[in-house]
Every structure is written in structure tokens, then in C-alpha cells.
Amino acid sequence: LFLSVLRIGASLQKPDAQSSWTVRVYHDVAQTAGPGADLFALYHAGVNAMRGLSVYDTNEVPAVTPYFYPYRYLPIAAQTLGRALATLTPRSAYVLWAFLTELTLVLVIVAFRRSISNRWSRAWGTAILLLSTPYWLELYIGQFTMVAAGLTCLAVLGWATGVHRRPGAPGVLLVSAALLKVFPLVTLPAFVRIRGGVGLAATTVAIVTSSNLPLFLADPASIDAFWSKNFLGEPVGLDAGNHSFLYVVFLAGQLLGGEWNLPLWGALTIVWRAAVLGGTAFIILRARNLNVE
């Protein structure tokens with residue numbers, strides 16, 4: 001399956017609908033930009049960083065990146081990983097990222113199997129990871145979610161299996177995940193509850209903040225760009241490839257009340273995120289039976 005997706009994606013050409021069954025089952029493959037479009041958002045941001053431009057600028061003159069989605073992640077990722085990828089050809093960058101993504105999956109499976117004693121649990125867990133259809137889509141579009149989630153899982157599993165006696169490795173993994181995409185920070189309330197985890201949580205927040213804040217302050221317009229692309233102002237992700245509960249609410253609202261005011265919708269999503277994440281963090285922090293060494 002990996003080689004099948006890689007064969008299609010490495011061409012950097014939009015595949016024919018009949019070229020593979022993995023093409024026919026995904027909206028984002030059949031209906032949106034070509035392979036690697038998510039990765040090329042980072043690639044394009046790296047090109048802009050090398051040219052001294054805003055990493056959130058959608059212009060590229062002269063054009064190097066074949067096609068790309070707008071960059072919406074932290075500036076430090078563009079200034080580091082984006083710059084590194086931009087030294088390669090787009091095709092080489094895509095192939096390299098695909099192999100790094102596959103390697104991350106393999107490492108997660110190995111760490112998972114080592115942490116589980118029950119053989120049936122190991123078998124089912126391994127099967128779920130290997131047959132995850134969103135993973136195949138991530139390979140095609142070059143997303144970062146699997147890598148960020150994988151690094152987070154490796155950090156958590158490493159800590160749980162005793163690596164916390166040498167906290168450097170889990171810390172590096174968690175920080176790397178949070179710099180790539182911010183969602184791994186949702187694990188911090190759990191780390192706060194376990195022995196030695198407060199230091200890791202504080203260090204992670206300090207590194208993520210200190211590495212990005214100067215870049216935001218050096219380009220104040222990037223603050224508005226980051227905010228609008230992730231929270232308010234732009235209809236990011238409001239398409240048929242979105243299968244989330246919130247998108248169902250969005251569509252239901254359109255059916256019942258007409259078109260949404262996008263800033264209002266953005267505000268509602270912030271409230272929803274705060275309620276879900278805040279409520280979960282409260283439960284974790286107040287749990288009486290969370291006895292993790």
C-alpha cells in the first residue's frame with residue numbers, strides 16, 4: 001500500500017480516477033490539488049523564508065513549488081524544516097517525507113508492541129495502525145498529522161515504559177511534535193499529573209513559545225495570518241473532505257438558517273475547542289485514580 005501511494009504521488013501529477021482503488025475512495029485525491037499539496041505548503045513557506053519573505057505569503061515569484069495549499073502552521077517549522085525541504089527538488093522532498101512518515105509509523109508500531117503484553121491486543125493494535133485509511137491519504141497529500149501524532153505517541157510510550165528516568169528523549173520527541181503541529185500540547189495536562197512530568201510540560205511550552213514568538217514579533221502581519229488561517233476569518237477545511245462532527249454542525253446550520261457568517265463560525269469553533277479541551281484537562285487534573293509513575 002505504501003509503495004502504491006508513493007508510485008502515484010511521486011509523479012506529482014493528479015492521478016486518473018481508475019489508476020488505483022486508493023484514488024477512488026478519497027475526496028481530497030479525486031477533487032482537490034495534486035499529490036503532496038500539504039507538504040508543498042511547508043515547502044513553499046521554506047522557499048519564502050529563504051527569500052526573506054513572510055512564510056504566510058501565498059505569492060512565489062519566480063515559482064518553484066508546483067502547487068500548494070496556504071501555509072497555516074507555526075513559523076518555526078517553515079524556518080527550519082521548510083528551509084531544509086526547499087533545498088531539494090519538490091519530487092525529492094515528497095519522496096523523502098513519505099519515507100519519514102512511514103518510518104514514524106514503523107517506530108510507533110514497534111514501541112506499541114513492546115508496551116503491550118497481551119498478544120491479541122498487540123495484533124489488533126498493529127492491524128489498526130497498518131490498515132488506517134486516513135494514513136494512506138496523509139501519505140498522498142504529504143500531511144504532518146501522522147508524524148506529529150507518532151512523535152507524541154513515542155514520547156508518551158517512552159515515558160510510560162521507564163524512559164522518564166532519562167527525560168531527554170521523550171522531551172525532544174514531544175517538543176518536535178509540538179513545533180510541527182500544535183495539537184500535541186493537549187497531552188500536557190496528563191504529563192502534569194505524573195512524576196517528573198511538570199518539568200517536561202513546562203520545558204515544552206517554553207521552547208515552543210520562545211522559538212516562535214520572536215518570529216511573530218519580527219513580522220507582525222504573520223500574527224494576523226496565523227490567527228485567520230487557524231481560528232477566524234478564512235473558511236479553512238469547509239469542504240466535502242471534512243468528515244468531522246463540527247462540519248456536520250456547519251452543514252446543518254446552513255440547511256436550517258442559511259449561510260454562516262464566517263467570523264461567527266470561527267468564534268463558535270473556538271468555544272467548542274475550549275469546552276472540549278478544557279473539560280478534558282479538568283477531568284485529568286481532578287482525577288483521583290490517575291496513579292501513573
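The analysis underlying the following values was restricted to heavy atoms, covering all of them including side chains, and did not include hydrogens, waters or symmetry mates.
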Are [Y] and [X] co-members of a hydrophobic cluster defined by side-chain heavy atoms under 4.5 Å apart?
| X | Y | value |
| --- | --- | --- |
| Ile223 | Leu213 | no |
| Leu129 | Tyr135 | yes |
| Met146 | Ile109 | yes |
| Val106 | Val156 | no |
| Leu6 | Leu130 | yes |

With heavy-atom distances below 4.5 Å as the criterion, would you say the side chains of [X] and [Y] are in contact?
| X | Y | value |
| --- | --- | --- |
| Leu200 | Pro170 | yes |
| Trp265 | Phe250 | yes |
| Trp227 | Asp224 | no |
| Val147 | Trp97 | yes |
| Lys181 | Gln143 | yes |
| Tyr140 | Trp136 | no |
| Phe144 | Leu39 | yes |
| Phe112 | Leu107 | no |

Derivation and outcome, side-chain contact (heavy atoms from CB on, under 4.5 Å), residues Asp219 and Val55: CA-CA 10 Å; Asp219 179 19; Val55 298; over 6 Å; no
[X] side chain to [Y] main-chain N or O, any donor-acceptor pair under 3.5 Å?
| X | Y | answer |
| --- | --- | --- |
| Ser211 | Val208 | yes |
| Arg122 | Ser115 | no |
| Asp38 | Gly142 | no |
| Glu60 | Val64 | yes |
| Arg113 | Thr126 | no |
| Arg83 | Gly46 | no |

Starting at [atom1] of [X], measure out to [atom2] of [Y] and round the result to the nearest 0.5 Å.
| X | Y | atom1 | atom2 | answer |
| --- | --- | --- | --- | --- |
| Glu138 | Glu102 | CD | CD | 12.5 Å |
| Asp57 | Ser222 | CG | OG | 11.5 Å |
| Leu3 | Ile8 | CG | CD1 | 11.5 Å |
| His44 | Thr58 | NE2 | OG1 | 6.5 Å |
| Asn59 | Leu53 | CG | CG | 9.0 Å |
| Leu81 | Leu179 | CG | CG | 10.5 Å |

On a heavy-atom basis, which atom in [X] and which in [Y] lie closest, and how many Å separate them?
| X | Y | result |
| --- | --- | --- |
| Met50 | Ala86 | SD-CB, 3.6 Å |
| Gln79 | Ala49 | OE1-CB, 3.5 Å |
| Thr204 | Ala178 | CG2-CB, 4.5 Å |
| Pro214 | Ser210 | CD-O, 3.0 Å |

CZ (Arg51) with more than 12 external heavy atoms under 6.0 Å: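 Above 12, so yes.
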Side chain to side chain donor-acceptor pair (under 3.5 Å) between Thr104 and Thr101, worked out: CA-CA 5 Å; Thr104 302; Thr101 305; 6.0 Å; no
Pair Leu174-Leu151, side-chain contact (heavy atoms from CB on, under 4.5 Å): steps then yes or no: CA-CA 6 Å; Leu174 187 60; Leu151 294 175; over 6 Å; no
Test log, rule side-chain contact (heavy atoms from CB on, under 4.5 Å), inputs Leu85 and Leu42: CA-CA 8 Å; Leu85 291 173; Leu42 179 60; 3.8 Å; yes
Chi angles and distances behind the side-chain contact (heavy atoms from CB on, under 4.5 Å) call for Tyr43, Tyr94: CA-CA 9 Å; Tyr43 187 98; Tyr94 172 82; over 6 Å; no
Phe216 ring center near Phe226 ring center (under 6.0 Å): yes
Parallel, tilted or perpendicular, as decided by the 30° and 60° cut-offs, for the rings of Tyr56 and Tyr71: tilted
Taking distance alone, no hydrogens or angles, what donor-acceptor pairs closer than 3.5 Å link side-chain atoms of residues 272-285 to residues at least two apart or in another chain?
| residue | atom | partner | partner atom | Å |
| --- | --- | --- | --- | --- |
| Arg273 | NH1 | Asn230 | O | 3.2 |
| Thr280 | OG1 | Val276 | O | 2.7 |

Any residue meeting ring pair (Phe, Tyr, Trp, His ring centres under 6.0 Å) with Tyr67, in chain and number order, not counting sequence neighbours: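 Once residues adjacent in sequence are excluded, the partners of Tyr67 under the ring pair (Phe, Tyr, Trp, His ring centres under 6.0 Å) criterion are Phe40.
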